[in-house]
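For the single chain, residues carry numbers from 1 onward in sequence order. Just so you know, these numbers come straight off a predicted model, no measurement behind them.
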Amino acid sequence: MVELRRRGDRSVGQIAKDFDLTETAVRDWVKQAEVDAGERNGLTSSEREEPAALRRENRRLREDVDILKRASTPAANSPRCGGSWASPSPWARSGPPRTTPPARASTPR
């Protein structure tokens, strides 16, 4: 369709009628083809696709994080899920983090 218009064989209206499209759609495709060919200023097709691809990737990564968050809840450590209520996660800390080593108890000599 774009090639038919570029060669000048048919008008935009005639192309739209022949292919049962709107004239606006055909004009937009012709303009985008001119941008992609460097004949007109604007965002190329690949530049238009990049933000959408990044949004899809961000959505997928957010879903992955959400799944990992749900998997790390206390329910995941329940006996039904293979864990034990009595044994906390090996990564869990009891109390605040230590900044200095504990003092040694002195023994009488």
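In this structure a side-chain-to-backbone donor-acceptor pair under 3.5 Å is present from E47 to T44.
Between E50 and L54 the shortest side-chain heavy-atom distance falls below 4.5 Å. Under the 4.5 Å side-chain criterion, counting only non-hydrogen atoms from C-beta, L21 is in contact with W29.
T24 and T22 are not linked by any side-chain donor-acceptor pair at a separation below 3.5 angstrom, with hydrogens and angles left out of the test. A donor atom on one side chain and an acceptor atom on the other are found under 3.5 Å apart for Q32 and R48. Of the N and O atoms on the side chains of S45 and D36, at least one donor lies less than 3.5 Å from an acceptor on the other residue.
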Would you please test D64 and R60 for side-chain contact (heavy atoms from CB on, under 4.5 Å) and show each step? CA-CA 6 Å; D64 290 350; R60 186 186 57 79; 3.2 Å; yes
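A salt bridge links E49 and R56; the closest N-O separation between the charged side-chain nitrogens and carboxylate oxygens is under 4.0 Å.
Here CG of D9 is found 11.5 Å from CD of Q14. Values are rounded to the nearest 0.5 Å. Note that the CD atom of E34 and the CG atom of N41 stand 11.5 Å from one another [nearest 0.5 Å]. Between atom NZ of residue K17 and atom CZ of residue R10 there is a gap of 12.0 Å, rounded to the nearest 0.5 Å.
By the rule that hydrophobic residues join a cluster once side-chain heavy atoms approach within less than 4.5 Å of another member, V35 and L43 end up as members of separate clusters.
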